[in-house]
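To keep things clear, I will list the structure first and then write my remarks on it.
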2 protein chains.
Amino acid sequence: MKKTKLTLKDVAQQLGVSTATISNAFNRPDQLSKGKREEILAQCERIGYSGPNKAAQILRKGTSNIVALVLADSIAYMVSDPVASTFIKGVSTTLQQQGKHLLLYAGDSNSILDVVDFVDGFICYGAPRNYKLAQEIAAQSKPAITVDFDIDDVPSINIDNENAAYEVAKAAIDENDIVAILGLRLIDSPTTCRIYDSPLIDVNSSISHRRLDGYVRAAKEQGIEINNEWIWHLPESDRSYARQAAKEVLMSSPRPNTVLCMSDIIALELLHSALAMGIDVPNELKITGFDGIEEADRARPHLTTVCQSSVAKGEAAANALLSGESRKQILPFDLKLGETIRS
Amino acid sequence: MKKTKLTLKDVAQQLGVSTATISNAFNRPDQLSKGKREEILAQCERIGYSGPNKAAQILRKGTSNIVALVLADSIAYMVSDPVASTFIKGVSTTLQQQGKHLLLYAGDSNSILDVVDFVDGFICYGAPRNYKLAQEIAAQSKPAITVDFDIDDVPSINIDNENAAYEVAKAAIDENDIVAILGLRLIDSPTTCRIYDSPLIDVNSSISHRRLDGYVRAAKEQGIEINNEWIWHLPESDRSYARQAAKEVLMSSPRPNTVLCMSDIIALELLHSALAMGIDVPNELKITGFDGIEEADRARPHLTTVCQSSVAKGEAAANALLSGESRKQILPFDLKLGETIRS
DNA sequence: CTGTTAGCGCATTCAG
DNA sequence: CTGAATGCGCTAACAG
């Protein structure tokens, strides 16, 4: 009937040894004889003591084995995005191997402060929707690492978005094409729309603008200027936003014959819409994606896209955090040529 | 250059009040005048004290605002499963509303013990692959809730799997059909195979066996016995396992004309394989799924399946945990008739 | 190799 | 409404 959980002190008393000995038996095997240690552990097992209280250890040692993964947006959204969930996969695999725990943190929360005291570090995946979080992370002192964006000189994992976009666009664009772009988070709007003259957001920091730069550079090489009327903004890489944008693009007149999409989800939705309208891909419409998600492999025709390994990113981020890496890393990408640009 | 973080004590000294006052200012507004409180908070803000240390609070108060979500399998696997990630969505939305944090816990970990001391409670989604975790959860004293399975009298969230399976099977099966079943975790094998006479696992506790019961009942009503040779086991609801199973079923002779699948992922893979082989669905082959995932809506012909709302399950689980609900709940399901059983 | 001690940072008594 | 004292459960340093 002992309702109260055993404490290290209780156990020490019961076994007639000092608290330090019990503590050492669990945490520092080198501090006592093997025999004694095993005897103690056996006794503990017998009386139902499963080891030092973790909450107390967190306070005392200042570490918890918990890593916070700060997502760009709400957990609800992130977990259903194939790119984000693949990233989480990489992170969690690595953390689990190292005995660390994963705390998911929403990028639209108010503050990081209510976990900063007990977490061991932060992995920050994408610029958080509430950008204050990024500033708080920069300001605090625990190890942190950013992915797909940067804050000051916090170590980070990125790919070369400008070049990746350039490469895929270069593969797709031919002379005299009419080129449109389905972009992500280019302006501050909750709806799908052309960007026209709206003020651009995060022009220097966002990967979307790097990709835009790459697209524009490739187009320019073919003597093509992409007018802002041909650039769409989508608030998220989401099927329903993509469907609207696809419709607008395909109804345009003249209709673009090359559409560069900033995510595979967007590209696939465009592809489906086009096929449903009887448009010949790639002869009447060329499409490129970005990310290299699994679903793209199952599409017909195969999507031309930039493959970036989100698993590798996740692993790299977790490893960098755990190993105290302090440099910024650029990971490689792969161009994948499918039949959406050349039959 | 004060490198060390401010403590409540430091602040009390600097402001010339007692520690209790500072503590109360943050935690118990009713314990001091509004004016004083605001003044203190303002001062704290000014000197850069962001509130009581959370690690210390966890030890002192015994609560952390962290809820552990114990998944059935590794986080890596769960996060890419559409059903599980939708569930996570429901959980996280509810938790975030209530200011709780989400710790993802893998069901193939060794033990729950390294978080039990600081977590506020457990949501256990599906029987953990390492079943010892379930026992540990039953044995400890923090609030817990199970979903899609039960342990003793821990409160739980379930649907009526037997009836759901019965309903969908009844809709699909006609007299003289040859019925096959693509099942999940029916026997202890890491590979896709027919179950033959292998010993069944968790016959009483697993939802898969409840579904099997439902299928069998519906078949029996049409005078059909489903031989074990026509029942497949898949270790996970995974596309590649499903592809193998689909191939085996479709190559069988005689070929079944009705296949009941225990998940939509399996059913969709079977549908694709069948269509690729030129088999007419539903005239030569009827297919049913289970779950009602989004992707099933996009398939043509539309999949006949059982819709269960994973978001609702997640919300129900989180709410039940937070409100101290102690009963077991049965959530409703919906039969969705698509063209995979009747043209 | 073992036992004693002093906090980790805080929340809550209880007097005043 | 305030201030001093106690201990949440543990670990690290130190002395033996």
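Chain naming here is simple, since letters A, B, ... match the order of the sequence lines and numbering starts at 1 in each.
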For the side chain of S18(B), starting at C-beta, report the closest nucleotide among dT4(C), dC10(D), dG3(D).
-> dG3(D)
In whole angstroms, how far is the C1' atom of dC10(C) from the CG atom of D10(B)?
-> 12 Å
In terms of heavy-atom contacts, does CG of D30(A) have more than 12 from other residues, nucleotides or ligands at under 6.0 Å?
-> yes
Whole-Å distance separating the CG atom of N24(A) from the P atom of dC1(C) = 11 Å
Identify which nucleotide among dC10(C), dG3(C), dT2(D) has an atom closest to any side-chain atom of V17(A), counting heavy atoms from C-beta outward.
-> dG3(C)
Separation of dT2(C) atom C1' from R37(A) atom CZ, nearest Å, is 16 Å
Given dC10(C), dT2(D), dC10(D), which nucleotide is nearest the side-chain atoms of Y49(B)?
-> dC10(C)
With respect to the side chain of P52(B), which nucleotide from dG3(D), dG3(C), dC10(C) is positioned closest?
-> dC10(C)
Please figure out whether N27(A) or Q31(A) has its closest DNA chain D nucleotide nearer the 5' end.
-> N27(A)
Side chains of D73(A) and Y125(A): donor-acceptor distance under 3.5 Å anywhere?
-> no
Before giving the answer on salt bridge (Lys or Arg N to Asp or Glu O under 4.0 Å), spell out for D10(B) and K5(B) the whole-Å C-alpha distance, their side-chain angles and the decisive distance to 0.1 Å.
-> CA-CA 9 Å; D10(B) 299 335; K5(B) 247 194 131 181; over 6 Å; no
Keeping the roles fixed (side chain from N53(A), backbone from A56(A)), state whether a donor-acceptor pair exists under 3.5 Å.
-> yes
Of the candidate nucleotides dA5(D), dC1(C), dA13(D), which contains the atom at the shortest distance from the side chain of A20(A)?
-> dA13(D)
Could you check how far CD of E39(A) sits from C1' of dT2(C), rounded to whole Å?
-> 14 Å
Rounding to a whole Å, what distance do you find between L59(B):CG and dT6(D):P?
-> 18 Å
If you check the K36(A) side chain, which of dA5(D), dC1(D), dT2(C) turns out closest?
-> dT2(C)
Picking from dG9(C), dC1(C), dG3(C), the nucleotide nearest the side-chain atoms of T21(A) would be dG3(C)
R28(A) CZ to dA13(D) C1', in whole Å, measures 9 Å
Chi angles and distances behind the side-chain hydrogen bond (donor to acceptor under 3.5 Å, both in side chains) call for D150(A), N158(A) = CA-CA 9 Å; D150(A) 280 274; N158(A) 277 283; 3.0 Å; yes
Nearest-neighbour nucleotide for the A56(B) side chain, dG9(D), dC10(C), dC1(C) considered | dC10(C)
Q57(A) CD to dC10(D) P: how many Å, rounded?
-> 8 Å
Roughly how many Å is it from CD1 in I58(B) to C1' in dG7(D), rounded to a whole number?
-> 18 Å
